Amino acid sequence: MDKQQQPIPVELDEKAAEGIYSNFVLTAHTASEFVLDFARMVPGVSKAKVFARIIMTPQSAKSLNVVLSNAIAQFEASFGTIQATPATA
């Protein structure tokens, strides 16, 4: 018999609920962690500013990849294919 997972209660305070806009993400990793720097690039400004840094275990990063891939597939099923800009090295 499969055990059903119970939903995990999530607290979202007012500041976090506002969100942070990001149009540029930098990634790095070591053997034990992934680092995601969420930044914003603005026309006419010569550098991007990081607004949030998320540090995750490799297992959590892989889970994020699966969840994000599923969300993108659902979005595209509803709204059409997303035309991604090429990633830069």
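Basis for what follows: all heavy atoms, side chains included, without hydrogens, waters or symmetry-related copies. On a predicted model such as this, the values are computed, not experimentally measured, just so you know.
Both Val25 and Met56 belong to a single network of hydrophobic side chains, linked directly or stepwise wherever heavy atoms of I, L, V, M, F, W or Y lie under 4.5 Å apart.
The CG atom of Leu12 lies 10.5 Å from the CD atom of Glu18; values are rounded to the nearest 0.5 Å. Atom-to-atom distance recorded for Lys62:NZ and Phe34:CZ is 9.5 Å, nearest 0.5 angstrom.
Annotation: Arg40, atom CZ; neighbour count of heavy atoms from other residues, nucleotides and ligands within 6.0 Å is above 12.
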Stepwise side-chain contact (heavy atoms from CB on, under 4.5 Å) check, Ile20 with Phe38:
CA-CA 9 Å; Ile20 297 171; Phe38 291 89; 5.9 Å; no
- request: Go through the steps to decide whether Leu64 and Leu36 satisfy the test side-chain contact (heavy atoms from CB on, under 4.5 Å), and finish with yes or no.
  value: CA-CA 12 Å; Leu64 173 63; Leu36 306 173; 3.9 Å; yes
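The shortest non-hydrogen separation linking Asn23 to Met41 is OD1-N, 2.7 Å. Considering all non-hydrogen atoms of both residues, Ala39 and Ser22 come closest at O-OG, 2.8 Å.
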Considering only distance and modelled atom types, tabulate donor-acceptor pairs under 3.5 Å from the side chains of residues 67-74, sequence neighbours left out.
unit_1 : atom_1 : unit_2 : atom_2 : d
Ser69  : OG     : Asn65  : O      : 2.9
Asn70  : ND2    : Val66  : O      : 3.4

